[in-house]
Amino acid sequence: MENAKQQTGVPENAFRELKKGEQYEPLMSPDRTYKEVTVWSVLWGVLMAVVFSAASAYLGLKVGQVFEAAIPITIIAIGVTGATHRKGALGENVIIQSIGACSGMIVAGAIFTLPALYILQDKYPEMTVNFIEVFIASVLGGVLGILFLIPFRKYFVKDMHGKYPFPEATASTQVLVSGEKGGNQALPLLVAGVVGGIYDFIIATVGWWNESVTSRCLEWGQALADKTKLVFKINTGAAVLGMGYIVGLKYALIICCGSVAVWWVIVPAISWLFPDLVVSAGSSSVTASQASAEQIFQYAKSIGIGGIAMAGIIGIFKSRKIIMGAVGLAAQEMKGKGKSDTAVPRTQKDLPMKIIAVGSLLTLAAILLFFYFGVMEGNLLFTLTGVLLVAVIAFLFTTVAANAIAIVGSNPVSGMTLMTLILASVIMVAVGLKGPAGMVAALIMGGVVCTALSTAGSFITDLKIGYWLGSTPKKQETFKFLGTLVSAATVAGVIMILNDTYGFTSGQLAAPQANAMAAVIEPLMSGAGAPWLLYGIGAAIAILLTLFNVSALAFALGMFIPLELNLPLLVGGLINWYVTTRSNKEQTNKERGEKGTLIASGFIAGGALMGVVSAALRFGGISFDYSAWWANPASEWLSLLMYVLLIIYMIKASRRIKK
């Protein structure tokens with residue numbers, strides 16, 4: 001029976017840890033049934049997957065920017081249901097968002113690696129690439145990511161309730177709830193969405209002020225950067241600031257410590273201690289003494305990759321009981337001894353473990369056949385080695401991807417994929433596969449793993465949204481496969497069309513991640529080494545941090561993600577702390593914190609939506625050249641002024657609550 005009078009707004013304990021004996025009751029009651037999977041929600045979800053897959057893939061390859069589609073899809077879902085006066089559509093909107101969000105996860109997985117095949121093909125004409133290879137690699141990776149993540153759903157979204165901030169899921173949930181509330185209750189989010197959207201649109205589209213403030217805008221700052229490689233950089237966007245507020249001070253501080261360690265200690269130290277070290281500078285190379293801080297960071301961030309990898313291994317070790325429990329549950333269900341599905345609340349029903357186990361084996365079997373007949377040219381040793389690598393790495397890093405999204409809302413998939421490519425190349429060369437054939441094999445393997453990890457990170461966001469609102473996980477999981485299939489076909493088609501239209505080596509397509517992957521894989525498949533020392537340093541740091549009970553993953557993320565994107569997290573975290581500690585009344589602080597979360601969600605939603613608008617304008621040929629203005633230090637001073645005004649607005653709006 002559908003609930004006619006739904007509760008509006010998530011419960012007050014949605015975003016905090018539960019007290020002993022306390023239970024979380026979602027917006028849609030577990031005891032009732034709601035409209036979720038309908039012809040309406042599935043068709044709109046598929047449409048969103050096709051449209052945003054094509055748009056994201058085009059923009060990511062053409063200009064090197066990938067916008068996050070989940071929140072714009074959520075806003076569109078609310079818009080179309082409101083315009084058609086569809087009642088009780090919250091469950092349907094979650095399904096639309098879940099299917100449509102497949103676009104972002106498949107795009108990120110595919111365009112980071114697979115276009116590198118075309119880039120290398122220009123140099124090695126004997127390499128062949130076709131639609132089927134790109135499509136199968138994307139769809140198999142996506143399916144594997146879904147299947148590997150489902151056993152961890154309960155742990156991340158229920159058992160760890162309130163322990164992870166889930167910034168993107170929080171923003172999406174607030175947007176969905178605002179669609180149900182309407183009226184004055186949704187006003188703070190809508191106003192913040194307008195403010196944040198216009199603010200970020202001005203930066204991205206017309207460039208009235210700079211997107212970042214750096215110490216180079218001062219003469220002594222430029223001299224300091226040239227001599228010591230010491231640079232201060234902060235992104236002044238509204239969406240990133242909102243992300244920092246939701247992440248909170250604790251994790252933001254750890255992330256920034258990792259970033260500071262690389263940018264303000266390791267980068268200057270490399271220039272000082274190893275001035276003759278050769279680092280990459282795009283298509284050429286320079287010595288560390290002549291390189292910029294940013295160029296040295298591209299070398300030094302391998303420490304972060306090593307830290308992320310070790311954090312993943314530590315995470316697997318710590319989660320061994322959860323993993324063994326999932327395996328044990330699968331074994332019980334295979335024998336017909338599992339818990340009856342009717343005994344599980346609707347909001348905790350997953351796909352049966354029997355389906356997960358059999359599906360995982362069938363997917364790995366499909367990967368084996370794909371590798372044997374389509375990639376490894378019938379060599380059984382190469383095939384088995386490749387499948388084993390894909391299975392182990394994808395499973396190992398699934399929890400890392402989910403953890404990263406849960407903590408900071410950013411999936412370090414490019415770093416994990418780079419590690420995958422390096423490991424795959426080294427191991428495949430060791431078993432005898434090298435040269436152009438080895439490059440194809442390693443990149444296809446990397447494409448499968450990259451898509452699996454991108455999928456795992458994205459899907460945990462969808463499942464957390466569903467948990468907060470009271471959706472049925474089993475339905476989200478089932479129709480995620482449909483979205484993956486549609487998005488994989490769309491992305492593969494876009495990649496083929498763009499290659500035929502522009503060519504990935506013509507210079508008309510940026511494809512920065514794919515170019516980086518191609519640059520890494522070519523020397524490795526020719527016998528060159530990898531920066532194992534840097535990986536080892538990162539791994540050692542992760543172990544040391546774990547011994548002191550510090551989040552190694554958060555710290556390693558800070559070492560990998562650029563400084564200008566990490567410092568705003570700290571600013572947002574400090575705003576959160578300030579807003580929630582100014583009153584002597586606990587209830588007042590709590591209400592201000594919740595109001596701040598709404599405003600931060602509005603910033604994220606507005607920024608994401610305007611990112612789509614900006615992309616559409618570029619696609620239509622409407623763009624503004626503000627490079628000369630941004631080269632002027634005055635653009636950064638204006639940016640700093642606007643950023644301060646934005647911070648003041650956020651603080652004042654958060655503290656303004658009804659007495």
Side-chain angles (χ1 to χ4, degrees), residues 2-3 5-10 14 26-28 34-52 55 67-104 166-198 239 242 458 461-472 475-476 479 483 597-613 616:
E2 189 170 331
N3 186 14
K5 295 183 179 179
Q6 293 185 20
Q7 171 192 351
T8 58
V10 292
L27 191 62
M28 295 185 286
Y34 300 82
K35 289 187 298 184
E36 293 182 77
V37 176
T38 61
V39 173
W40 170 274
S41 62
V42 172
L43 287 179
W44 272 104
V46 168
L47 178 63
M48 293 296 99
V50 171
V51 171
F52 281 94
F67 58 81
E68 181 50 59
I71 293 175
I73 289 170
T74 302
I75 294 170
I76 291 172
I78 291 172
V80 294
T81 53
T84 54
H85 305 289
R86 197 171 181 85
K87 301 298 183 183
L90 182 59
E92 290 180 312
N93 287 339
V94 173
I95 295 297
I96 293 173
Q97 184 274 335
S98 191
I99 296 174
C102 290
S103 57
F166 277 100
E168 190 181 336
T170 299
S172 295
T173 300
Q174 296 286 18
V175 170
L176 285 165
V177 170
S178 76
E180 288 294 296
K181 287 181 176 179
N184 293 332
Q185 295 184 78
L187 192 59
L189 185 140
L190 295 176
V191 172
V194 171
V195 171
I198 293 174
S458 173
T461 293
D462 300 340
L463 292 170
K464 186 63 179 180
I465 294 168
Y467 171 76
W468 273 327
L469 298 178
S471 297
T472 308
K475 293 178 180 178
Q476 286 182 282
F479 283 85
T597 299
L598 275 177
I599 292 164
S601 299
F603 280 0
I604 296 170
L609 189 60
M610 287 299 103
V612 177
V613 174

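Along the sequence shown, residues carry numbers from 1.
Proximity of a side-chain donor or acceptor of Gln476 to a complementary backbone N or O of Ser471 within less than 3.5 Å is not detected. At distances below 3.5 Å, not a single donor-acceptor pair connects side-chain atoms of Lys464 with backbone N or O atoms of Thr170. Proximity of a side-chain donor or acceptor of Ser98 to a complementary backbone N or O of Val94 within less than 3.5 Å is not detected.
Residues Thr461 and Glu168 bring no donor and acceptor atom of their side chains to less than 3.5 Å of each other.
Considering CD1 of Ile96 and OG1 of Thr81, their distance stands at 7.0 Å, rounded to 0.5 Å. From Thr74, atom OG1 reaches atom CG of Asn93 across 8.0 Å, with rounding to the nearest 0.5 Å. With rounding to the nearest 0.5 angstrom, the CG atom of Leu190 is 9.5 Å from the CG atom of Leu598. Put simply, CD on Glu36 and CG on Leu90 are 9.0 Å apart, with the number rounded to the nearest 0.5 Å.
Counting all heavy atoms, side chain and backbone alike, Ser172 lies closest to Ile465 at CB-CD1, 3.4 Å. Nearest heavy atoms, Ala101 versus Ser458: O-OG, 3.9 Å. Taking all atoms of both residues into account, the shortest heavy-atom contact from Ser41 to Ile95 is OG-CG2, 3.9 Å. Nearest heavy atoms, Ser103 versus Ala49: CB-O, 3.7 Å. What you find for Lys87 and Lys35 is that their closest heavy atoms are O-NZ, 2.9 Å. Heavy atoms only, all atoms of each residue included: Pro167 and Ile604 are closest at O-CD1, 4.3 Å.
Looking only at side-chain heavy atoms (C-beta outward), Ile99 and Trp44 stay at 4.5 Å or farther from each other. In this structure the side chain of Val177 never reaches within 4.5 angstrom of the side chain of Trp468, judged on heavy atoms. Between Leu469 and Tyr34 the shortest side-chain heavy-atom distance does not fall below 4.5 Å.
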Begin from the C-alpha positions of Gln97 and Val175 and carry the test side chain to side chain contact (heavy atoms under 4.5 Å, CB included) through to its verdict.
CA-CA 11 Å; Gln97 184 274 335; Val175 170; over 6 Å; no
Are Phe166 and Thr173 close enough, and set up right, to give a side chain to side chain contact (heavy atoms under 4.5 Å, CB included), and what steps lead you there?
CA-CA 10 Å; Phe166 277 100; Thr173 300; over 6 Å; no
